[in-house]
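All values below were derived from every heavy atom in this structure, side-chain atoms included, with hydrogens, water molecules and symmetry-related copies excluded. Lettering of chains follows the sequences in order, A, B, ..., and the numbering in each one begins at 1.
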Amino acid sequence: NAGVTQTPKFRILKIGQSMTLQCTQDMNHNYMYWYRQDPGMGLKLIYYSVGAGITDKGEVPNGYNVSRSTTEDFPLRLELAAPSQTSVYFCASGVGVMNTEAFFGQGTRLTVV
Amino acid sequence: AQKITQTQPGMFVQEKEAVTLDCTYDTSDQSYGLFWYKQPSSGEMIFLIYQGSYDEQNATEGRYSLNFQKARKSANLVISASQLGDSAMYFCAMRETQGAQKLVFGQGTRLTINP
């Protein structure tokens with residue numbers, strides 16, 4: 001059981017480049033989340049999804065886009081990368097039942113230079 | 001809007017002592033869930049404990065317990081008999097049951113256990 005898988009683990013981007021962070025879960029979870037974590041800080045919600053075809057903005061959505069065409073996949077797209085997007089990105093998934101936790105991927109460390 | 005506040009950026013504790021990590025929250029919902037996660041230096045997020053807003057008993061999981069005071073909107077994590085391996089970042093999080101059930105995190109507390 002792989003859980004939540006994020007790829008890549010590390011990436012260096014040049015300013016203005018674009019990329020997609022991949023997130024896949026094999027637990028048939030309906031809820032999925034994308035967070036960013038700046039050094040020494042907490043997790044800020046970028047986008048989330050309550051099911052295939054449904055996405056919504058979190059606290060810091062500017063500069064990002066998402067899609068949810070299947071239950072398993074929730075890719076995060078960065079367009080025109082900026083140094084301010086240097087961060088660690090976490091994908092998480094959950095059942096949506098109140099007393100169950102969200103499961104996290106291992107994170108993607110992104111540096112924009 | 002829901003909000004989580006952790007006011008202790010860092011805590012230093014002697015091994016084997018108990019430690020309390022503070023968490024306060026703000027929500028207009030009556031039904032919500034509170035979570036604590038641990039993030040060691042390796043970076044992964046590890047779920048520790050859950051408390052529901054309607055749970056009458058404080059949650060416990062091994063050495064972890066959650067001191068839930070609903071009227072004060074606080075959900076402090078208590079770690080008993082701390083160990084060196086407890087050194088990590090600790091995050092409090094909340095999910096409301098109404099609407100989209102966003103899972104929102106606090107700023108975190110860095111706990112260091114001294115031998």
Engineer: Can you tell me how the ring of B:Tyr25 sits relative to the ring of B:Phe68, calling it parallel under 30°, perpendicular over 60° and tilted otherwise?
Structural biologist: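 The arrangement is parallel - the two ring planes meet at less than 30°.
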Engineer: Between B:Asp86 and B:Arg63, does any side-chain N to carboxylate O distance fall below 4.0 Å?
Structural biologist: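 Yes, this pair counts.
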Engineer: Answer with side chain, backbone, both or neither: which region of A:Leu45 has an atom nearer than 4.5 Å to a non-hydrogen atom of chain B?
Structural biologist: side chain
Engineer: Pairing donors with acceptors under 3.5 angstrom, does anything connect the side chains of B:Tyr90 and B:Arg110?
Structural biologist: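 There is no such pair (donor and acceptor under 3.5 Å, judged by atom type) between the side chains of B:Tyr90 and B:Arg110.
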Engineer: Would you kindly say whether B:Gln30 and B:Ser53 are connected by a side-chain donor-acceptor distance under 3.5 Å?
Structural biologist: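 Not at all, the side chains of B:Gln30 and B:Ser53 share no donor-acceptor pair under 3.5 Å.
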Engineer: Ion pair present between A:Arg68 and A:Asp73, side-chain N to carboxylate O less than 4.0 angstrom?
Structural biologist: no
Engineer: Quick check on B:Gln69: does its CD atom have over 12 non-hydrogen neighbours (other residues, nucleotides or ligands) under 6.0 Å away?
Structural biologist: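 Yes, enclosed.
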Engineer: Out of A:Val60, A:Asn62, A:Leu78, A:Ile15, which residue meets the side-chain contact (heavy atoms from CB on, under 4.5 Å) rule with A:Gln85?
Structural biologist: A:Leu78
Engineer: Mind checking whether A:Tyr35 and B:Phe105 have parallel, tilted or perpendicular rings, split at 30° and 60°?
Structural biologist: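 The arrangement is perpendicular - the two ring planes meet at more than 60°.
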Engineer: Heavy-atom cut-off 4.5 Å, strictly under: side chain, backbone, both or neither for B:Gln39 against chain A?
Structural biologist: side chain
Engineer: Of all the residues in residues 9-20 of chain B, which have a heavy atom that comes within less than 4.5 Å of a heavy atom in chain A?
Structural biologist: none
Engineer: Heavy-atom pairs under 4.5 Å with chain B: which of A:Gln106, A:Gln37, A:Lys44 has the most?
Structural biologist: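 Most heavy-atom pairs within the cutoff with chain B belong to A:Gln37.
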Engineer: Specify which of A:Gly40, A:Gly107, A:Ala102 makes the most heavy-atom pairs with chain B at under 4.5 Å.
Structural biologist: A:Ala102
